[in-house]
Amino acid sequence: MASSTKDVEAPPTLDAPLLGPAAPRSRLRVAPVSLSVMAFLLVAIAAAVLYYNPGGVASNLMRLRENDYPWTNDMLRWQRTGFHFQPGKNFQADPNAAMFYKGWYHFFYQYNPTGVAWDYTISWGHAVSKDLLHWNYLPMALRPDHWYDRKGVWSGYSTLLPDGRIVVLYTGGTKELVQVQNLAVPVNLSDPLLLEWKKSHVNPILVPPPGIEDHDFRDPFPVWYNESDSRWHVVIGSKDPEHYGIVLIYTTKDFVNFTLLPNILHSTKQPVGMLECVDLFPVATTDSRANQALDMTTMRPGPGLKYVLKASMDDERHDYYALGSFDLDSFTFTPDDETIDVGIGLRYDWGKFYASKTFYDQEKQRRVLWGYVGEVDSKRDDALKGWASLQNIPRTILFDTKTKSNLILWPVEEVESLRTINKNFNSIPLYPGSTYQLDVGEATQLDIVAEFEVDEKAIEATAEADVTYNCSTSGGAANRGVLGPFGLLVLANQELSEQTATYFYVSRGIDGNLRTHFCQDELRSSKAGAITKRVVGSTVPVLHGETWALRILVDHSIVESFAQRGRAVATSRVYPTEAIYSSARVFLFNNATDAIVTAKTVNVWHINSTYNHVFPGLVAP
Ligand SMILES: OC[C@H]1O[C@@](CO)(OC[C@@]2(O[C@H]3O[C@H](CO)[C@@H](O)[C@H](O)[C@H]3O)O[C@H](CO)[C@@H](O)[C@@H]2O)[C@@H](O)[C@@H]1O
């Protein structure tokens, strides 16, 4: 490693361009032309867009507004993913239920069969897979066809009962938009595909109790089975009149008759509003058990266990979790640290990710997390492409036995079976203000694993730096500091005028401690306007002796990034206009002013497509 950062110049082998200022937010890339030529071009482009409209949605002539980008059919087609779950068309959202049953992973999700946005036809889509990656679409499981779910079959959960039966509890939006809970069961338990479902004739099984607003009572989740009295405990998210999130608890023996408990599972410490899609599960705190995911329904609280309470914050649309303890007698959750309670502390993902749910995979004894990753482009662009939203790659969840302060989220191991061509790079010095292109060919479906080292001398020489640094309020990857940013640029064009940057930024506080920020900068991810572009991220623990480690899954319009082997995650939706197909590139970069960073190892794999399709012989929406 070089001894000084000041007297070393970047060698000629490095790519020259530095990371310049952030690109303008919305620009059609046209040279100055007269207004009439411009108008003609816009009309011609609009006509072409409508002619090639892949979703077949826009039958009316749509006018291109100032911010509208003239997408071509090829560009929009490129945005569809290769190995993420997405139905053939239309809108999907919350992962509702997942389970392993008779050799198949079942996945249910919020699905609008009629359009590219949420509306009252929201239903339960259904698909099966052998490996959580290659999906077969099935006919929808549940549709809004009764008075108690006329305005939508909303989110819920499926549970495998100890006697082998399966129950689904879900929220229905009634005609008057009252949120009620309903029961559905499979018609034929011997069918491994669970194709047919029937709704209980006693639905709704629960209506909002006194003191709870009609629109604050949703997403039921059977969380605990008490063997001694054969009672299930079902939790439902809500909020109180002071705007504090609360979790109601019901008990039931038969999923038809329910008793509301006088206490609540948890009331948030801050007025964070309505809690959607509540989840509660145990994690093992000791290494000997850390690799076992634990089944909430049967696992008793005890030594070596912590509990995770997760909720989706309707007010700000992020998924927060808290680590804490769970008392079975009082049926209450208590966060270890009230200052990082649900809604104000830890997040599963610092980017675009919502309404997630875990399930216990008894086949592989692991807990698996799914969340949906919405669009950040315009409704018009969703209509043009004919679909909206993705599911993240399922992630396993474990407690971090090293930091003891966070969870570890990591793509399921099955993803590695999709890896094909591998390129490996070692010991690449990245000088201040430099980039280095990784020659990996077309870079649109990738699994990248990289480790970085920062020059020790530069670290030692830095007394205090960027104490108040924050990913979201920073200028992104173009914002230079003493010890960062450094990392990768994915979905970049050759000129780097389009790029999504995933990076670390190291600061040193007045207490002398280093603090690592893990950020993802979307500001230059697309030259198109009408797209929300942010810098997302958080701090991430980097323990003594550890390298700075990144894993990035790139799949067309989604980038899922994992820092420090899953301690922090950031997911972005991106819509490049130039860095697509064979023009998509990957670079390493170091935009620190004073530190040489070494890319110790970088492994880049191309990832196969999963070619999801309708289950043979069936018809899916
Ligand atoms: O589909 C209903 C379930 O979805 C959840 C969590 O995502 O609630 C969402 C909610 O509606 C908003 O979310 C939509 C996208 O998911 C959005 O497009 C729509 O405009 C929003 O209203 O659904 C209800 C009914 O609108 C609303 O109260 C929520 O915010 C989950 O809680 C529901 O079960």
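We count ligands from 1, going down the list as the structure has it; atoms in each ligand are counted the same way.
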Is Arg367 salt-bridged to Asp361, going by a charged N under 4.0 Å from an acidic O?
-> no

Flag the pair Asp149 and Arg143 as a salt bridge only when some basic side-chain nitrogen lies within less than 4.0 angstrom of an acidic carboxylate oxygen.
-> no

Taking atom 28 (O) of ligand 1 as the point of reference, which of Arg218, Lys151, His215 owns the nearest heavy atom?
-> Arg218

Out of Gln110, Glu276, Gln92, whose heavy atom sits nearest atom 1 (O) of ligand 1?
-> Gln110

contact_flag Tyr170 ligand 1 heavy-atom lt 4.0 Å | no

Looking only at heavy atoms of Asp314, does any of them come nearer than 4.0 Å to an atom of ligand 1?
-> yes

Per-residue contact class, Asp219 against ligand 1 - non-hydrogen pairs under 4.0 Å | side chain

Mode of Tyr372 contact toward ligand 1 - side chain, backbone, both, neither (heavy atoms, under 4.0 Å) = side chain

Of all heavy-atom pairs linking Glu242 and Pro271, the shortest is O-CB, 3.8 Å

Using the ring pair (Phe, Tyr, Trp, His ring centres under 6.0 Å) rule, take Tyr109 and Phe85 through it: C-alpha gap first, then chi angles, then the decisive distance, then the call.
-> CA-CA 11 Å; Tyr109 55 98; Phe85 179 84; 5.0 Å; yes

Report yes or no: is the cationic atom of Lys306 (NZ for Lys, CZ for Arg) under 6.0 Å from the centre of the six-membered ring of Phe326, at an angle within 45° of the ring normal?
-> no

Geometric cation-pi criterion Lys310 and Tyr321, 6.0 Å radius, 45° cone | no

Identify, for [atom], the protein heavy atom at the shortest distance, and state residue, atom and that distance.
{"atom": "atom 25 (C) of ligand 1", "value": "Trp154 CH2, 3.3 Å"}
{"atom": "atom 6 (C) of ligand 1", "value": "Asp94 OD2, 3.0 Å"}
{"atom": "atom 20 (O) of ligand 1", "value": "Trp118 CB, 4.7 Å"}

Taking only heavy atoms of Ser155 into account, list the atoms of ligand 1 that are under 4.0 Å away from them.
-> 3 (C), 34 (O)

Any non-hydrogen protein atom below 4.0 Å of atom 13 (O) of ligand 1?
-> yes

Only one of Asp94, Asn392, Asn96 passes side chain to side chain contact (heavy atoms under 4.5 Å, CB included) with Trp370, and that residue is Asn392

What do you reckon, are the aromatic ring centroids of Trp124 and Trp154 less than 6.0 Å apart?
-> no

